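Just below is one structure, and these are the notes that go with it.
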Amino acid sequence: MKDLTLIVDLKDHIGKSVRMGGWVYHLRSSGKLRFLVLRDGTGYVQAVISKKDVPEEVWTLAETLTYESSVVLEGTAVEDPRSPGSVELQLKGLELIHLSPEYPIQPKEHGTEFLMDHRHLWLRSKRQTAILRVRDEICKSIRDFYYDRGFTLIDSPILTPTSCEGASTLFEVKYFDELAYLTQSGQLYIEPACMALGKVYCFGPTFRAEKSKTRRHLTEFWMVEPEVAFADLEDLLVLAQDFVAYIVGRVLERRKEELKHLERDLSKLERITTPFIRMTYEEAADFLLRPENQARMKEAEAPLFTRGNDFGGFDETLLTQDAERPVMVTHYPADIKAFYMQPDEQDPSKAKCVDMLAPEGYGEIIGGSQRIHDHDLLLQRIQKCGLPVEPLQWYLDIRKYGSVPHSGFGMGIERCVAWICGLPHVRETIPYARMLNRLNP
RNA sequence: UCCGGCGUAGCUCAAUGGUAGAGCAAGUGGCUGUUAACCACGAGGUUGGGGGUUCGAGCCCCUCCGCCGGAGCCA
């Protein structure tokens with residue numbers, strides 16, 4: 001329908017006659033005057049229907065309209081300060097494309113379960129479209145960032161033969177006469193590609209069958225994982241902070257209206273500049289073991305942090321709630337981290353790894369490390385972790401033929417979207433959330 | 001899996017152990033500038049399921065189901 005004018009372009013048609021297609025977002029009636037708010041994906045515009053100015057059949061048809069019915073409107077674009085958006089449509093003609101029965105979602109408060117059950121319709125709301133546009137901007141900026149820096153996108157497989165990292169629970173699927181598993185990370189597959197192309201990344205869905213029911217967990221989520229040859233931990237920290245600062249900058253530059261609609265405090269995002277805050281695991285542990293912080297854990301009924309263990313959700317909140325920029329915690333104890341992480345030269349009990357914690361209590365958005373590049377050390381670590389060697393033989397091969405130091409990290413898209421949008425839960429950051437108790441719609 | 005909270009009209013929520021209610025939506029009527037419009041009227045219920053205590057249970061007890069988010073694990 002080439003002759004349809006988009007709402008976003010309506011301001012360029014003042015005084016002219018236009019046709020517009022869309023959905024009825026809102027209706028108000030005042031006797032012989034009716035107001036209809038149309039949405040078309042590019043914006044919202046109010047149409048005014050005056051009984052004396054339209055043919056009787058148009059007026060009659062307008063009386064039957066319902067929320068979310070699809071229509072084509074004909075009218076004149078006019079400026080009027082009384083109208084929301086100051087440009088409105090004085091209606092002359094009305095074509096009903098499809099009449100919607102009673103629409104389940106009202107312009108009022110609804111519960112989480114109800115909205116998630118109607119996710120396919122909830123997507124039409126202003127808030128959800130704003131979030132989806134920010135997500136789109138984040139995904140586009142990720143691709144631009146790596147493309148501009150000479151990285152090659154490598155698509156890692158979604159079906160994998162076995163667990164490579166151990167602990168995490170995997171989704172099992174039938175693969176002809178054997179079993180396969182949905183990927184929990186593309187890392188092992190892009191490390192070989194890294195040895196082919198130097199700088200690579202993968203970006204796709206990831207699956208974890210963990211029975212987590214928290215505001216930060218999905219069973220299906222998207223992850224971007226760069227991997228760089230000849231990069232050590234220091235190089236990785238610089239890449240990670242440049243990356244996150246770039247994404248935030250792009251969203252601020254191009255999606256400010258959406259952030260404002262989400263009532264995001266923009267000043268908190270404008271402070272996200274490099275360098276980010278750095279601390280070692282031991283420094284973070286010292287901080288968490290201060291009496292006042294231990295007291296806060298008790299007060300919040302959170303588990304008490306003890307040195308040598310990984311941080312819990314509340315620990316991450318304490319570490320970041322007063323931070324203006326993301327915090328990068330490095331050098332965790334090697335035995336609480338993955339088998340492939342390079343031990344620190346000065347203190348081999350520590351891994352050359354990093355977790356980036358987003359501010360305002362959003363917690364871990366990035367986890368990464370320098371990888372072990374020595375064949376025998378990696379083999380030793382695989383055996384020590386009790387992992388079967390045979391399925392990882394190809395991975396060990398990378399350390400056999402021209403091995404070089406290399407590093408990489410993974411960033412969870414949904415946690416990043418939740419942080420940038422200021423959302424309390426990741427379920428609204430992905431079009432169709434998959435969670436412990438949610439597989440539909 | 002464990003801990004805690006919740007479940008009442010289509011939706012959001014009230015209701016000392018004593019006749020189940022309101023707002024919104026939907027319906028009817030009114031209103032020529034509404035901004036989640038407003039006014040009037042009518043309609044709307046197996047109080048998540050089952051069992052128990054009691055003269056009497058939406059409310060107390062047991063059990064099952066569902067939801068929420070926290071722990072563990074993680075991005």
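In this text the structure is predicted, and so the values were computed from the model without any measurement. First the proteins, then the strands, lettered A, B, ... as listed; each starts at 1.
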Task: Side chain Thr219(A), main chain Arg434(A), donor-acceptor under 3.5 Å - done: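 Present.
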
- [ ] Give a yes or no answer on whether the side chain of Gln294(A) reaches the backbone of Leu288(A) with a donor-acceptor pair at less than 3.5 Å.
- [x] yes

- [ ] Report the residues that fulfil salt bridge (Lys or Arg N to Asp or Glu O under 4.0 Å) with Lys337(A), sequence neighbours left out, ordered by chain and then residue number.
- [x] Asp355(A)

Open item on the list: Suppose we screen for salt bridge (Lys or Arg N to Asp or Glu O under 4.0 Å). Which residues come up paired with Asp242(A), at least two apart in sequence or across chains?
Closed with: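 Expected list: Arg149(A).
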
With a 4.0 Å cut-off on heavy atoms, is [X] in touch with a base, just the backbone sugar-phosphate, or nothing at all?
X         : value
Arg215(A) : sugar-phosphate
Asp80(A)  : base
Ile366(A) : sugar-phosphate
Met223(A) : sugar-phosphate
Thr206(A) : nothing
Gln46(A)  : base
Pro303(A) : sugar-phosphate
His217(A) : base
Gly363(A) : nothing
Glu88(A)  : base

Decide yes or no, distance alone: a donor-acceptor N/O pair under 3.5 angstrom between the base of [N] and the side-chain of [X].
X         : N       : answer
Ser83(A)  : rG33(B) : no
Arg415(A) : rC74(B) : yes
Ser212(A) : rC74(B) : no
Ser29(A)  : rC31(B) : yes

- [ ] Sugar-phosphate atoms are those with a prime plus P, OP1 and OP2; base atoms are the rest. Using that split, label each nucleotide of nucleotides 21-28 of chain B B, S or - for protein heavy atoms under 4.0 Å, 5' to 3'.
- [x] --BBBS--

Task: Structure string for RNA chain B in dot-bracket form, Watson-Crick and G-U at under 3.5 Å, | interchain - done: (((((((..((((....[..))))..((((.......))))......(((((..]....))))))))))))....

Separation of atom [atom1] in [X] from atom [atom2] in [N], rounded to whole Å:
X         : N       : atom1 : atom2 : answer
Phe114(A) : rC13(B) : CZ    : C1'   : 15 Å
Lys32(A)  : rG30(B) : NZ    : C1'   : 9 Å
Leu436(A) : rC73(B) : CG    : C1'   : 13 Å

TODO: For Phe276(A), enumerate each residue passing the ring-ring contact (aromatic ring centres under 6.0 Å, His included) test, keeping only those at least two apart in sequence or located in another chain.
DONE: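 Result, ring-ring contact (aromatic ring centres under 6.0 Å, His included) vs Phe276(A): none returned.
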
Open item on the list: Using the ring-ring contact (aromatic ring centres under 6.0 Å, His included) criterion, which residues pair with Phe114(A)? Sequence neighbours excluded.
Closed with: His110(A), His118(A)

Using the [atom1] atoms only, state how far [M] lies from [N], rounded to an integer number of Å.
N       : M       : atom1 : answer
rA57(B) : rU16(B) : C1'   : 14 Å
rC59(B) : rG52(B) : P     : 14 Å
rG48(B) : rC65(B) : C1'   : 7 Å
rA20(B) : rU32(B) : C1'   : 42 Å

Open item on the list: Under a 4.0 Å threshold between the charged nitrogen and the carboxylate oxygen, would Arg296(A) count as salt-bridged to Asp315(A)?
Closed with: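 Result for this pair is no, no salt bridge flagged.
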
Open item on the list: With a 4.0 Å cutoff (strictly under), does any side-chain N or O of Arg427(A) reach OP1 or OP2 of rG69(B)?
Closed with: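 For rG69(B), OP1 or OP2 has a side-chain N or O of Arg427(A) closer than 4.0 Å.
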
Open item on the list: Which nucleotide wins on minimum distance to the side chain of Arg28(A), given the candidates rC68(B), rA36(B), rU1(B)?
Closed with: rA36(B)

TODO: Please determine, for the side chain of Arg208(A), which listed nucleotide (rA75(B), rA36(B), rG69(B)) has the closest atom?
DONE: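 The answer is rA75(B).
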
Open item on the list: Side chains of Tyr340(A) and Gln187(A) only: does a donor on one sit below 3.5 Å from an acceptor on the other?
Closed with: yes

- [ ] Please confirm whether Phe287(A) and Phe305(A) have ring centers closer than 6.0 angstrom.
- [x] no

Open item on the list: Is the base of rA75(B) stacked against the aromatic ring of Phe221(A), taking ring centres under 5.5 Å apart and planes under 30° as the test?
Closed with: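 Stacked: centres under 5.5 Å apart, planes under 30°.
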
Open item on the list: For the CD atom of Glu299(A) and the CD atom of Glu292(A), what is their distance to the nearest 0.5 Å?
Closed with: 12.5 Å

